[in-house]
Amino acid sequence: MKRTVIWLTLLVVTVLLIANIGTALVNANGKTAPDFSLPDLSGSTVRLHDVIRSKKVTVLNFWATWCPPCRAEIPDFIRFYRKYANQGVAVIAVNLQEKSEQVKSFAQSNGMNFPILLDSSNRVGQLYQIYAIPTTFIIDSSGQIRHKIEGSTNLATLESKVSALLKE
């Protein structure tokens with residue numbers, strides 16, 4: 001019963017946050033993706049614009065281990081990354097405000113095969129105006145945000161949006 005109340009509370013808060021978003025990145029299409037540097041799970045620093053310059057498309061996903069919709073989309077991100085990594089597509093998962101050990105354990109047990117960055121202070125989450133997770137940005141090779149997906153996504157949606165960009 002207590003778990004149900006917690007999940008319902010989280011759901012209501014998420015819905016209210018989505019309904020009240022009114023900031024600049026809400027309609028992010030065509031805006032330049034803000035640059036940032038964060039550590040990955042091995043402690044190496046990854047800079048977003050370095051990744052963007054080396055790839056045709058970058059998929060940037062904000063998530064957390066405790067988030068049920070985030071967990072639900074992980075298998076599709078794994079399949080997507082396997083299929084598109086060799087086609088010039090980067091997938092970067094930015095974990096928000098969790099400890100490195102917890103995220104590393106979760107990623108290993110769930111077979112997450114793409115780079116995971118740690119935003120322990122939520123600095124990048126704030127930069128991207130993340131008010132609900134998961135949120136995914138699809139960025140072209142010039143650094144322009146082409147799509148913003150709030151809420152869980154799936155393989156078909158990722159493929160349709162990215163394959164169109166790969167054809168440009």
Under 4.5 Å between side-chain heavy atoms, hopping through other hydrophobics if needed: is there a path connecting [X] to [Y]?
{"X": "V46", "Y": "L96", "value": "yes"}
{"X": "I52", "Y": "L127", "value": "yes"}
{"X": "F114", "Y": "F62", "value": "no"}
{"X": "L38", "Y": "Y128", "value": "yes"}
{"X": "I130", "Y": "I92", "value": "yes"}

Is there a donor-acceptor pair closer than 3.5 Å between any side-chain N or O of [X] and the backbone N or O of [Y]?
{"X": "D35", "Y": "H49", "result": "yes"}
{"X": "S44", "Y": "D40", "result": "no"}
{"X": "N154", "Y": "A156", "result": "yes"}
{"X": "Y81", "Y": "V91", "result": "no"}

Could you pull out all residues at least two apart from T65 that satisfy side-chain hydrogen bond (donor to acceptor under 3.5 Å, both in side chains)?
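By the side-chain hydrogen bond (donor to acceptor under 3.5 Å, both in side chains) rule, T65 matches E98, Q102.
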What is the distance from atom [atom1] of [X] to atom [atom2] of [Y], rounded to the nearest 0.5 Å?
{"X": "S142", "Y": "E168", "atom1": "OG", "atom2": "CD", "value": "9.5 Å"}
{"X": "T157", "Y": "H147", "atom1": "OG1", "atom2": "NE2", "value": "10.5 Å"}
{"X": "I78", "Y": "N110", "atom1": "CD1", "atom2": "CG", "value": "6.5 Å"}
{"X": "I138", "Y": "L60", "atom1": "CD1", "atom2": "CG", "value": "10.5 Å"}
{"X": "S163", "Y": "Q87", "atom1": "OG", "atom2": "CD", "value": "9.5 Å"}

Just to verify, what does [X] make a salt bridge (charged side-chain N to carboxylate O under 4.0 Å, His left out) with, not counting sequence neighbours?
{"X": "K56", "value": "none"}
{"X": "E101", "value": "none"}
{"X": "R79", "value": "D76"}
{"X": "D50", "value": "R47, R53"}

Any chance you could lay out the side chain to side chain contact (heavy atoms under 4.5 Å, CB included) test for M112 and F106, step after step, and finish with the verdict?
CA-CA 8 Å; M112 296 173 78; F106 180 88; 3.9 Å; yes
Side chains of T32 and Q144: any donor to acceptor distance under 3.5 Å?
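Yes, a side-chain donor-acceptor pair sits under 3.5 Å.
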Taking salt bridge (Lys or Arg N to Asp or Glu O under 4.0 Å) as the cut-off, I'd like each qualifying pair that reaches into residues 153-166, sequence neighbours left out, listed once.
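Checked against salt bridge (Lys or Arg N to Asp or Glu O under 4.0 Å) - neighbours excluded - the pairs reaching residues 153-166 are K83-E159.
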Test item: [X] and [Y] side chains (from C-beta on) under 4.5 Å apart, heavy atoms:
{"X": "Q97", "Y": "D119", "value": "no"}
{"X": "P134", "Y": "E73", "value": "yes"}
{"X": "Y84", "Y": "V57", "value": "no"}

Quick one: closest heavy-atom pair of [X] and [Y], and the distance?
{"X": "C67", "Y": "I133", "value": "SG-O, 3.6 Å"}
{"X": "L41", "Y": "S100", "value": "CD2-O, 4.3 Å"}
{"X": "K55", "Y": "A90", "value": "CG-CB, 3.6 Å"}
{"X": "P34", "Y": "L48", "value": "O-CD2, 3.5 Å"}

Quick one: are the ring centres of F77 and W63 less than 6.0 Å apart?
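Ring centroids of F77 and W63 are no less than 6.0 Å from each other.
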F137 vs T58, side chain to side chain contact (heavy atoms under 4.5 Å, CB included): CA-CA, chis, key distance, verdict
CA-CA 8 Å; F137 294 89; T58 301; over 6 Å; no
Of T136, T153, N95, T135, the residue whose pairing with N61 passes side chain to side chain donor-acceptor pair (under 3.5 Å)
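That would be T136.
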